[in-house]
Amino acid sequence: MNYVPGTASLIDDIDKKHLVLLRDGRTLIGYLRSIDQFANLVFHQTVERIHVGKKFGDIPRGIFIVRGENVVLLGEIDVDKPCDTVLQQVSIEEILEEQRLKQQAKQETEKVKMQVLKDRGLSVPKADNLDEY
């Protein structure tokens, strides 16, 4: 096999099932249909997989275009290999509710941390305000 630099090396992966991890933390699974010189990706029959604890749910997304700069990880999925996962698949509604509860708990924890820091005389700028500096 010859080495092809850059995104051209993905040409052999077209029409294969892939998992892509995005910069915002989302996980997508779908068939890679197209790429360009900027590593922009087009997926077909895409699902967004949400993990919460030992549960996961798949939300159908259809055709999905991913800008290359948002890709953290891209890997081919071996569809012939048997799945030996300990995760339990649940409905979309159930996984979204679990995700919402997890995010609420995380926000409450962050609020407590910020209050403790404030009580000790420290201030931490919010992530939203970091662009102002």
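We use all heavy atoms of the structure for the numbers below, so side chains are in, but hydrogens, waters and symmetry mates are not.
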Side-chain heavy atoms of E48 within contact of D58, under 4.5 Å: no
Would the number of heavy atoms belonging to other residues, nucleotides or ligands and lying under 6.0 Å from CZ of R100 be above 12? yes
Would a single hydrophobic cluster contain both I29 and F43, if residues Ile, Leu, Val, Met, Phe, Trp and Tyr are joined by side-chain heavy-atom contacts under 4.5 Å? no
Examine F64 and L41 and state if one hydrophobic cluster contains both, with Ile, Leu, Val, Met, Phe, Trp and Tyr joined whenever side-chain heavy atoms are less than 4.5 Å apart. yes
Output for pair (F56 CZ, Q89 CD), nearest 0.5 Å, gives 4.0 Å
Common cluster, L10/I77, ILVMFWY with side-chain heavy-atom separation under 4.5 Å: no
Measure the shortest side-chain to side-chain distance between I35 and I11 over non-hydrogen atoms and say whether it is less than 4.5 angstrom. yes
Can you name the closest pair of heavy atoms from V86 and K54 and give their distance? CG2-NZ, 4.1 Å
Pairwise distance CD(Q115) to NZ(K118) - rounded to 0.5 angstrom: 5.5 Å
When clusters are formed by joining ILVMFWY residues with side-chain heavy atoms under 4.5 Å apart, either directly or through shared neighbours, do L28 and L73 land in the same one? no
Quick one: pull up NE2 in H44 and OG in S34 and give me the separation to the nearest 0.5 Å. 13.0 Å
So P60 and T46, do their side chains get closer than 4.5 Å, heavy atoms only? no
What distance do L21 atom CG and R49 atom CZ have between them, rounded to the nearest 0.5 Å? 13.0 Å
Spacing of I65 atom CD1 and I63 atom CD1 [to the nearest 0.5 Å]: 8.0 Å
For side chain to side chain contact (heavy atoms under 4.5 Å, CB included), just list the numbers for E94 and K55, CA-CA rounded to whole Å, side-chain angles, deciding distance to a tenth of an Å, and then say yes or no. CA-CA 9 Å; E94 188 176 340; K55 298 178 182 179; 3.4 Å; yes
Can you tell me how far CD of Q107 sits from CD of E110, rounded to the nearest 0.5 angstrom? 9.5 Å
Return yes if some donor-acceptor pair links the side-chain N/O of N70 with the main-chain N/O of L22 below 3.5 Å, else return no. no
With a sphere of 6.0 Å drawn around CD1 of I59, does it hold more than 12 non-hydrogen atoms of other residues, nucleotides or ligands? yes
Nearest heavy-atom pair of R67 and N40: which atoms, and what distance? CA-OD1, 3.3 Å
Is there a continuous path of hydrophobic side-chain contacts, each under 4.5 Å between heavy atoms, that joins V72 to V66? no
Suppose the criterion is salt bridge (Lys or Arg N to Asp or Glu O under 4.0 Å): which pairs have a residue in residues 13-22, not counting sequence neighbours? D15-R33
